[in-house]
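Structure first, commentary second.
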Amino acid sequence: MRAVRRGGARLWDRFAASDPGLLRLTAGLRTVSAIALTLVVLALVGTGVNHLVAGAMTAMTATFAVKDKLVRDQAVTLALGLPVSLVAMSLGALLTSQVVAGDLFFIALIFGAVYCRRFGERATALGLIGFQVYFLSLFVGASTTALPELCLALAIGFGCSAVVRFGVVPETPQRVLARLRDAFRTRLAQLVSVQIELLDAGPEQLEKVLDDLRLRTARLHETALMIQGRLEEGTSDADKAALLQRRVADAEIATERLGMLLLNARSVERADTLTLHLPHAPVPLTGDWRPAEDDATIALRRDLTALHLLVSRPSARDGGTAVAHIRNRLLGYRDEERLPSAPSGIQDAFRGIGEAARSVLGLRLALDGPQDESDDSPATTRSREEFDAEDIALASSETRGEEDRGGLQRPTTRAAFQVSVGSVLAMVGGEFLSSQRWYWAVLTCWVVFLNTASTGEILVKGYRRLLGTLLGAVAGVALAGLVGDHTWVSFALVLVFIFAMFFTAPLSYAVMSFFVTAMLGLLYTLLNSYSFDVLVLRIEETAIGAACGVIAAVLVLPVRTDRRTDELLGTVLERLGDVASAAVEQLSGGPASDLLGKARSLDTALDELRDSTNPLTYPITPLRGRRRTVRYLVALLETCAYHARSLAATAELVPHSKTVAADPRLHRAGQRIAHNIGVLGAHVEDEGARGEVESGASIASTLRDDGSGTQPSGTVTFRVLRHLQRLDEGVVGLARPLDVPVADRAESKAAGG
């Protein structure tokens with residue numbers, strides 16, 4: 001029985017890690033529960049099938065549209081959504097016979113629903129509710145005679161949504177944050193597990209293990225960013241939120257660095273960190289490598305397993321002295337005299353284990369507060385003292401506001417005009433196909449503009465929706481034929497598909513569109529309007545709507561994908577320069593600053609850039625060479641961001657460490673990096689900008705030490721030199737894909753002399 005419980009716990013941990021915070025599961029369960037409760041209430045009232053469909057779709061809209069993070073804000077938005085939906089349904093019923101007036105109102109509603117997004121989550125939700133309910137009035141064929149029953153169905157749908165949201169499937173910011181923290185712990189353990197596989201994998205398994213390592217690292221980073229987005233609402237104390245963010249970042253950086261150190265330990269020469277971010281990057285391994293069985297490697301494998309236990313075991317389950325003994329041993333590797341006799345690459349891996357164990361200790365202190373210190377070793381005591389010093393020095397930082405563009409350059413304003421023009425085209429094109437189903441084209445045009453910012457993104461999203469609709473129509477034909485007149489079987493399958501819609505939406509837009517179309521086939525069956533021609537028409541209307549959306553995006557205030565990516569690339573370079581300069585300044589003895597906050601801003605900008613390049617790297621793109629260049633550029637930026645985060649994490653230790661002192665010489669070493677990033681940013685902003693990226697002697701050679709060619713291990717230079725060197729190389733490497741000239745500084749000086 002105990003083995004079964006342990007197996008169940010491991011299975012649940014895997015599921016929780018695949019859905020951080022259980023956000024997708026909660027969204028699906030909440031929506032399905034709201035719809036099911038609405039159907040039960042409406043069935044008890046004795047309404048017809050049309051009203052059952054109207055109530056169910058209203059409950060779905062009221063559930064997914066409200067995105068406020070605080071519970072009280074959700075209640076206010078939901079309360080305001082009911083009158084908005086009643087007005088939209090009433091106008092839909094009144095204007096059903098007034099074709100021109102109805103179309104004009106629909107266009108105005110679409111423009112307002114998109115434009116009001118600039119006013120925040122509540123305005124966005126109300127605009128979405130208004131659009132969806134007006135669309136619903138067209139779908140169910142609302143009329144003035146049926147308006148009272150429809151309004152009752154809407155009210156019941158909103159009421160059931162509120163009951164489920166606040167009673168059946170409640171969700172508070174604190175609860176979401178707690179689940180996200182559990183997911184972070186699980187994903188951290190999964191990453192360490194893959195690192196153990198990396199140590200033991202043979203050459204034939206290495207590529208697969210590296211792919212798993214990249215995937216686990218990316219998922220850990222995703223969860224860390226999700227935690228950052230929930231911290232403000234999930235914690236009542238701003239200082240505690242900042243502390244937790246710092247500890248999560250420490251754990252992420254330390255574990256990611258450990259993977260790189262293990263890869264280096266396996267390499268003939270130091271591997272390029274691009275290996276962690278670019279698939280199929282070469283790894284310089286020994287030709288006859290096999291899992292080693294020397295004492296140092298056996299101890300390394302043992303301690304990686306111990307680190308996995310330390311990460312995966314919640315502090316509440318710590319018992320006896322076994323876990324304390326493991327923690328003390330791993331933290332001891334932060335002291336040079338505790339390192340085993342081994343090649344330098346293996347010793348670096350042990351140091352990485354020590355730093356990862358330290359980050360796990362800090363994360364536990366931030367999450368669970370003070371713990372039993374009776375079994376602490378001197379190394380553990382020193383780590384606790386460092387954390388205490390950091391906690392005392394921690395102060396809330398102010399967030400720099402983003403520059404807000406005005407006029408037609410404001411994203412919401414531009415999107416409102418684009419969607420409106422696209423919807424007019426979709427209405428005209430849809431009417432040519434069907435005077436009754438034209439609104440499907442408008443819905444597709446509306447949807448392809450959601451969460452897109454460039455023409456390329458709209459094109460890709462339209463393609464995915466068309467593909468999902470095509471496959472879903474085939475499934476809808478089959479299911480509608482099988483279900484026949486069994487109303488409640490149809491509603492049960494609708495609930496299954498709705499859950500699948502919400503659970504798969506963040507993963508694949510095409511898959512979500514498949515479930516949407518299959519569900520609509522069942523709804524048409526319930527409304528007695530099912531036929532093969534209707535589903536074919538659905539595909540045609542979808543194609544028309546997607547095409548109209550692309551045409552509007554190209555003709556009306558267009559934002560080309562190149563321009564969008566250039567803007568985001570400039571932002572990434574600016575924030576990379578901020579992180580690198582501030583970190584080097586603090587490493588060289590300068591004033592402390594919010595380095596991890598700057599690092600998180602860099603991560604956010606890099607994620608936005610990665611999303612914006614999806615149209616350029618999509619598998620069906622005909623520009624293969626360009627796709628490879630974009631993938632290489634993004635991977636190189638991820639590598640630079642990794643080293644910048646590592647510099648920031650080390651710089652955070654300097655003001656509080658008793659063993660690592662600042663090195664003023666690093667200020668000179670960072671000047672070339674800052675200059676090169678500035679040149680790259682200027683070139684991205686203006687292709688005619690002058691300036692050359694400087695390359696030359698390694699940073700290590702520019703730091704004139706005691707003549708031995710090495711840095712003492714007690715200096716901060718010893719810890720960050722590799723990160724500085726790799727960041728310098730990565731920034732210079734960005735010059736080639738960006739077509740920026742590179743000048744060798746040594747040759748320039750010789751020519752000038």
Side-chain angles (χ1 to χ4, degrees), residues 273-274 400 402-403 562-588 590-591 593-595 597-606 608-609 612-613 629-630 632-648 651 664-700 702-703 720-721 723-749 752:
T273 33
L274 194 63
R400 183 178 63 181
E402 295 292 331
E403 181 181 354
D562 289 346
R563 176 181 149 198
R564 168 72 175 166
T565 53
D566 283 348
E567 290 178 353
L568 293 175
L569 176 58
T571 301
V572 170
L573 290 172
E574 178 186 355
R575 294 183 180 177
L576 177 64
D578 289 343
V579 176
S581 298
V584 171
E585 183 71 19
Q586 192 163 320
L587 288 166
S588 59
S593 60
D594 183 19
L595 290 176
K598 295 178 185 293
R600 282 303 175 210
S601 297
L602 168 62
D603 291 337
T604 301
L606 188 55
E608 292 177 355
L609 174 64
S612 74
T613 59
T629 300
V630 170
Y632 175 78
L633 178 64
V634 172
L636 202 53
L637 284 168
E638 289 176 340
T639 296
C640 292
Y642 159 69
H643 290 294
R645 289 198 304 268
S646 299
L647 288 173
R665 296 173 299 171
L666 292 174
H667 178 74
R668 184 175 68 253
Q671 289 179 340
R672 183 168 74 192
I673 296 175
H675 166 79
N676 288 343
I677 293 176
V679 170
L680 294 174
H683 182 82
V684 169
E685 184 176 349
D686 180 9
E687 292 186 1
R690 296 183 177 181
E692 295 178 325
V693 169
E694 294 181 357
S695 66
S698 68
I699 286 181
T702 64
L703 299 177
V720 304
L721 187 57
H723 294 300
L724 280 170
Q725 183 64 42
R726 294 302 191 194
L727 178 59
D728 180 55
E729 294 170 356
V731 171
V732 174
L734 288 169
R736 182 174 65 83
L738 294 178
D739 198 23
V740 179
V742 179
D744 188 295
R745 187 167 55 180
E747 293 179 359
S748 299
K749 287 185 177 180

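Excluded from the calculations below are hydrogen atoms, water molecules and symmetry mates; all remaining heavy atoms, backbone and side chain alike, are included. The shown structure was predicted, so the numbers you read here are calculated from the model rather than taken from an experiment.
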Partners of [X] by side chain to side chain contact (heavy atoms under 4.5 Å, CB included), sequence neighbours excluded?
{"X": "Glu685", "result": "none"}
{"X": "Val572", "result": "Leu602, Ala605, Leu606, Leu609, Leu637"}
{"X": "Pro741", "result": "Glu692"}

Write down the atom of [X], the atom of [Y], and the distance for their closest heavy-atom approach.
{"X": "Leu666", "Y": "Leu587", "value": "CD1-CB, 3.8 Å"}
{"X": "Ala735", "Y": "Val693", "value": "CB-CG2, 4.1 Å"}
{"X": "Cys640", "Y": "Leu734", "value": "SG-CD1, 4.4 Å"}
{"X": "Ala644", "Y": "Val579", "value": "O-CG1, 3.7 Å"}
{"X": "Leu636", "Y": "Gly733", "value": "CD2-C, 3.4 Å"}
{"X": "Gln586", "Y": "Pro591", "value": "OE1-O, 3.8 Å"}

- Is the backbone N or O of Ile673 less than 3.5 Å from a side-chain atom of Asp728, with the two atoms forming a donor-acceptor pair by type? no
- Message: Taking Glu585's backbone N and O only, do any of them form a donor-acceptor pair with Ser588's side chain (distance below 3.5 Å, no angle check)?
- Response: yes
- OG1 on Thr571 to CG on Asp566, rounded to 0.5 Å: 10.5 Å
- Between the OG atom in Ser601 and the CG atom in Leu576, the distance rounded to the nearest 0.5 Å is 12.5 Å
- Query: What's the verdict on side chain to side chain contact (heavy atoms under 4.5 Å, CB included) for Leu569 and Leu738, showing C-alpha distance, side-chain angles and the deciding distance?
  - Reply: CA-CA 10 Å; Leu569 176 58; Leu738 294 178; 3.6 Å; yes
- Neighbour count above 12 (heavy atom, 6.0 Å) for His675 NE2: yes
- Message: Is any side-chain heavy atom of Leu647 closer than 4.5 Å to one of Leu727?
- Response: yes
- Task: Anything under 30° is parallel, anything over 60° is perpendicular, the rest tilted; go ahead and classify His723 against His643.
- Result: tilted
- Query: So Thr639 and Arg726, side chain to side chain contact (heavy atoms under 4.5 Å, CB included) or not? Walk me through it.
  - Reply: CA-CA 8 Å; Thr639 296; Arg726 294 302 191 194; 5.8 Å; no
- Query: Which residues satisfy the side-chain hydrogen bond (donor to acceptor under 3.5 Å, both in side chains) test with Asp603, sequence neighbours excluded?
  - Reply: Arg600, Arg645
